[in-house]
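Computation of the quantities below employed the complete heavy-atom set of this structure, encompassing side-chain atoms and omitting hydrogens, waters and symmetry-equivalent molecules.
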Amino acid sequence: MFHVYGWLIAIGVLIVQFFLSRRTNVYWGAILPVLYVPFIIIWLPERYGKEITFSVILAAVGGLVFLLGMWINGREYLKKKRKKELEKMELHDIE
């Protein structure tokens, strides 16, 4: 049952990151990656003790890369959306 909760939490975090990364203020999308780093630094030793393996570290770094990738994609989406809106406004000004 613990694995189900873990998956639900992970999906919830990804949904929140998806939403925050598309906000106008760039810092909203940085909240979860910044919080993820100390969480992993504190959680990994408590969970695995001295048996932290390369695969666990790779998974932790992969999670951070994934959150940062979502943030970057959200910023690019917002830029494209603004550009499209600006083009619409310019088209209406020409007419």
Hey, what do you get for [atom1] ([X]) to [atom2] ([Y]), rounding to the nearest 0.5 Å?
| X | Y | atom1 | atom2 | answer |
| --- | --- | --- | --- | --- |
| Arg22 | Gln17 | CZ | CD | 9.5 Å |
| Ile11 | Trp7 | CD1 | CH2 | 7.5 Å |
| Tyr36 | Ile41 | OH | CD1 | 11.0 Å |
| Ile15 | Met70 | CD1 | CE | 9.0 Å |
| Met89 | Glu85 | CE | CD | 8.5 Å |

With [X] via side-chain contact (heavy atoms from CB on, under 4.5 Å) - residues at least two apart:
| X | value |
| --- | --- |
| Leu35 | Ile31 |
| Val26 | Trp71, Arg75 |
| Phe19 | Arg23 |

Identify whether [X] and [Y] are in the same connected component of the hydrophobic contact network (ILVMFWY, side-chain heavy atoms under 4.5 Å).
| X | Y | answer |
| --- | --- | --- |
| Ile57 | Leu68 | yes |
| Leu14 | Ile40 | yes |
| Tyr27 | Leu67 | yes |
| Val61 | Ile42 | no |

Under the ring pair (Phe, Tyr, Trp, His ring centres under 6.0 Å) test, residues paired with Trp43 that sit two or more places apart: Phe39
Residues that, via side-chain heavy atoms closer than 4.5 angstrom, fall in one hydrophobic cluster with Val4: Leu8
Whichever hydrophobic residues join Phe54 through chains of side-chain contacts under 4.5 Å: Leu58
Steps toward side chain to side chain contact (heavy atoms under 4.5 Å, CB included) verdict (Val16, Leu32): CA-CA 9 Å; Val16 170; Leu32 291 180; 3.8 Å; yes
